Amino acid sequence: MSGSSTSDATVSRYDLVLGLIPGAYAAGFLAQALLSISLLAALLVASLVAMTALVDVLLVHPPV
């Protein structure tokens, strides 16, 4: 066995954003089902959340 480990247990900012995108859509679908809002409104809000996260990661705080 080698002394170096290939697995890194830390979660980066970019990992969180990758999880946030489907999470935003899942929350939108859940809100649509529970609160009986329109699917269009739920998808619009989820898209705005995902877009805001992507703009922040890609343009405001890009990977170095």
Side-chain angles (χ1 to χ4, degrees):
M1 296 205 57
S2 175
S4 65
S5 174
T6 58
S7 66
D8 189 13
T10 61
V11 176
S12 73
R13 174 186 182 120
Y14 307 104
D15 294 330
L16 292 174
V17 169
L18 285 175
L20 173 81
I21 294 168
Y25 285 99
F29 287 132
L30 184 65
Q32 188 264 336
L34 295 177
L35 303 175
S36 67
I37 61 175
S38 71
L39 181 60
L40 180 63
L43 289 176
L44 180 66
V45 171
S47 297
L48 289 174
V49 169
M51 181 186 66
T52 302
L54 282 174
V55 166
D56 179 62
V57 168
L58 294 174
L59 300 176
V60 178
H61 300 104
V64 180

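Nothing here was measured: the structure is a model prediction, and the numbers come from that model.
If you chain together hydrophobic residues whose side chains sit under 4.5 Å apart, Ile21 and Val57 fall into the same group. Linking ILVMFWY residues whenever their side-chain heavy atoms come closer than 4.5 Å, directly or via other members, places Val55 and Leu48 in the same cluster. When the side chains of ILVMFWY residues are joined at heavy-atom separations under 4.5 Å, either directly or via intervening members, Val11 and Leu18 end up in two distinct hydrophobic clusters. Residues Val45 and Leu30 do not share a hydrophobic cluster, defined by chaining ILVMFWY side chains whose heavy atoms lie under 4.5 Å apart.
Among all heavy-atom pairs drawn from Gly19 and Pro22, the shortest one is O-CD, 3.5 Å. In this structure, Tyr25 and Ala46 approach most closely via the heavy-atom pair CD2-CB, 3.6 Å. Across Ala42 and Gly28, no two heavy atoms sit closer than the pair CB-O, 3.3 Å.
Put simply, CG on Leu39 and CG on Leu44 are 11.0 Å apart, with the number rounded to the nearest 0.5 Å. The structure places CD of Gln32 at 10.5 Å from CG of Leu40, a figure rounded to the nearest 0.5 Å.
Between the side chain of Asp56 and the backbone N or O of Ala53, no donor-acceptor pair lies under 3.5 Å.
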